[in-house]
Amino acid sequence: MKQDALAKWLKFIIVGVGFCGLLTYTVIMPRFAAYLVRQNSMLEKNVLPWLILIWISAIPCYAVLVLGWKIADNIRRDRSFSYENAEYLKWVSYLSMADAAFVFLANIIFLLLDMSAAAVMLVICIIVFIGISISICAAALSHLVAKAADIKEENDLTV
């Protein structure tokens with residue numbers, strides 16, 4: 001696959017993920033929260049803090065999509081293995097780890113304030129595990145892209 005086509009596919013996927021996230025954060029989650037309140041009116045006081053937590057956790061996710069867009073743009077320009085992409089991937093790692101830590105700590109606080117349940121904590125742990133996995137993969141990719149940029153720079157100098 002040529003770099004231009006790869007970059008277009010990556011951007012298409014980024015837009016798709018962004019749209020799905022927007023739909024989830026603005027439509028599905030509020031409707032699910034309303035459904036939970038209809039099922040158990042005692043949950044009404046907990047809905048808004050949880051929605052705010054979810055919306056705040058969306059900010060790093062969309063920042064990662066912006067970084068992904070920049071990486072796809074660099075791929076299109078034949079700069080796949082550049083220090084710039086390595087830096088973007090490092091930021092993806094930082095944002096993913098920060099988001100996972102934020103969600104975990106917020107759920108602990110909600111659990112202590114009796115605004116959460118142990119079953120929710122299990123789901124949050126799965127989400128945190130996914131976030132940490134993304135962070136580690138992005139850090140490893142950042143390291144590999146930086147090494148490849150070093151090799152590319154050396155090869156460019158030996159001509």
Side-chain angles (χ1 to χ4, degrees), residues 1-30 32-33 48-112 115-116 119-159:
M1 182 179 294
K2 293 188 178 187
Q3 288 175 318
D4 195 39
L6 177 63
K8 285 179 183 175
W9 274 107
L10 287 172
K11 287 181 178 182
F12 175 74
I13 290 169
I14 289 168
V15 168
V17 168
F19 179 73
C20 289
L22 187 66
L23 186 67
T24 300
Y25 289 121
T26 59
V27 177
I28 295 172
M29 293 309 276
F32 181 66
L48 188 59
W50 271 104
L51 284 176
I52 291 171
L53 168 72
I54 290 168
W55 291 332
I56 290 172
S57 73
I59 295 168
C61 297
Y62 280 94
V64 165
L65 291 179
V66 169
L67 293 171
W69 188 272
K70 290 180 180 184
I71 291 170
D73 205 38
N74 280 341
I75 290 171
R76 185 184 57 80
R77 292 189 201 136
D78 196 23
R79 292 189 294 185
S80 301
F81 301 112
S82 65
Y83 296 112
E84 189 178 13
N85 279 353
E87 192 67 26
Y88 291 152
L89 287 166
K90 190 185 305 181
W91 274 102
V92 168
S93 176
Y94 293 155
L95 287 167
S96 178
M97 186 64 73
D99 196 29
F102 169 73
V103 168
F104 183 75
L105 292 175
N107 191 56
I108 294 290
I109 291 169
F110 284 177
L111 201 58
L112 293 173
M115 296 173 61
S116 185
V120 173
M121 186 63 178
L122 290 175
V123 173
I124 294 294
C125 284
I126 293 169
I127 293 169
V128 167
F129 176 77
I130 292 169
I132 291 171
S133 299
I134 291 170
S135 177
I136 291 169
C137 289
L141 281 173
S142 172
H143 176 75
L144 292 173
V145 168
K147 290 289 186 187
D150 286 339
I151 293 170
K152 184 177 181 237
E153 191 174 285
E154 287 175 16
N155 285 341
D156 289 344
L157 294 175
T158 58
V159 173

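Heavy atoms only: backbone and side chains are in, while hydrogens, waters and symmetry mates are out.
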Looking at K11, I want to see if its NZ is surrounded by more than 12 non-hydrogen atoms of other residues, nucleotides or ligands under 6.0 Å. yes
Check whether any side-chain heavy atom of W69 sits under 4.5 Å from a side-chain heavy atom of L10, and report yes or no. no
Indicate whether any N or O donor in one side chain lies under 3.5 Å from an N or O acceptor in the other, for Y88 and E84. yes
Kindly determine whether I108 and M121 satisfy side-chain contact (heavy atoms from CB on, under 4.5 Å), including the steps that lead there. CA-CA 8 Å; I108 294 290; M121 186 63 178; 3.2 Å; yes
Rounding to 0.5 Å, atoms CG (L53) and OG (S116) come to a distance of 9.5 Å
With a 4.5 Å heavy-atom cut-off, do F110 and V120 have their side chains touching? no
Are E87 and W91 close enough, and set up right, to give a side-chain contact (heavy atoms from CB on, under 4.5 Å), and what steps lead you there? CA-CA 6 Å; E87 192 67 26; W91 274 102; 3.6 Å; yes
Between S96 (side chain) and S93 (backbone), is there a donor-acceptor pair under 3.5 Å? no
Would you give the length of the straight line joining atom CG of L122 to atom CD1 of I127, rounded to the nearest 0.5 angstrom? 11.5 Å
Can you confirm whether P60 sits close enough to Y94 that some side-chain heavy atom of one is under 4.5 Å from a side-chain heavy atom of the other? no
Between the side chains of R76 and D73, is the shortest nitrogen-to-carboxylate-oxygen separation below 4.0 Å, so that they form an ion pair? yes
How many angstroms lie between OH in Y25 and CD1 in I59, if you round to the nearest 0.5 Å? 10.0 Å
Heavy atoms of D99 and C61 approach each other most closely as OD2-SG, 3.7 Å
Donor-acceptor pair, distance only, cut-off 3.5 Å: does the side chain of S142 make one with the backbone of L89? no
Distance in Å, N107 CG paired with F102 CZ, rounded so as to fall on 0.5 Å steps: 11.0 Å
Separation between CD (E153) and CD1 (I151), nearest 0.5 Å, reads 11.5 Å
Where the side chain of S135 meets the backbone of G131, is there a donor-acceptor pair that is under 3.5 Å apart? no
Would you name the heavy atoms of Y62 and G18 that are closest together and state the gap between them? OH-O, 2.7 Å
Check: N74 side chain, R79 main-chain N or O, donor-acceptor pair, under 3.5 Å: no
For the residue pair W50 and M29, establish whether any side-chain heavy-atom pair is separated by less than 4.5 Å. no
Non-hydrogen atoms of A146 and Y83 that approach each other most closely: O-CE2, 3.9 Å
Can you give me the closest heavy-atom contact between S80 and N85, atom names plus distance? O-ND2, 2.9 Å
Return the CG to CD1 distance between L95 and I134, rounded to the nearest 0.5 Å. 11.5 Å
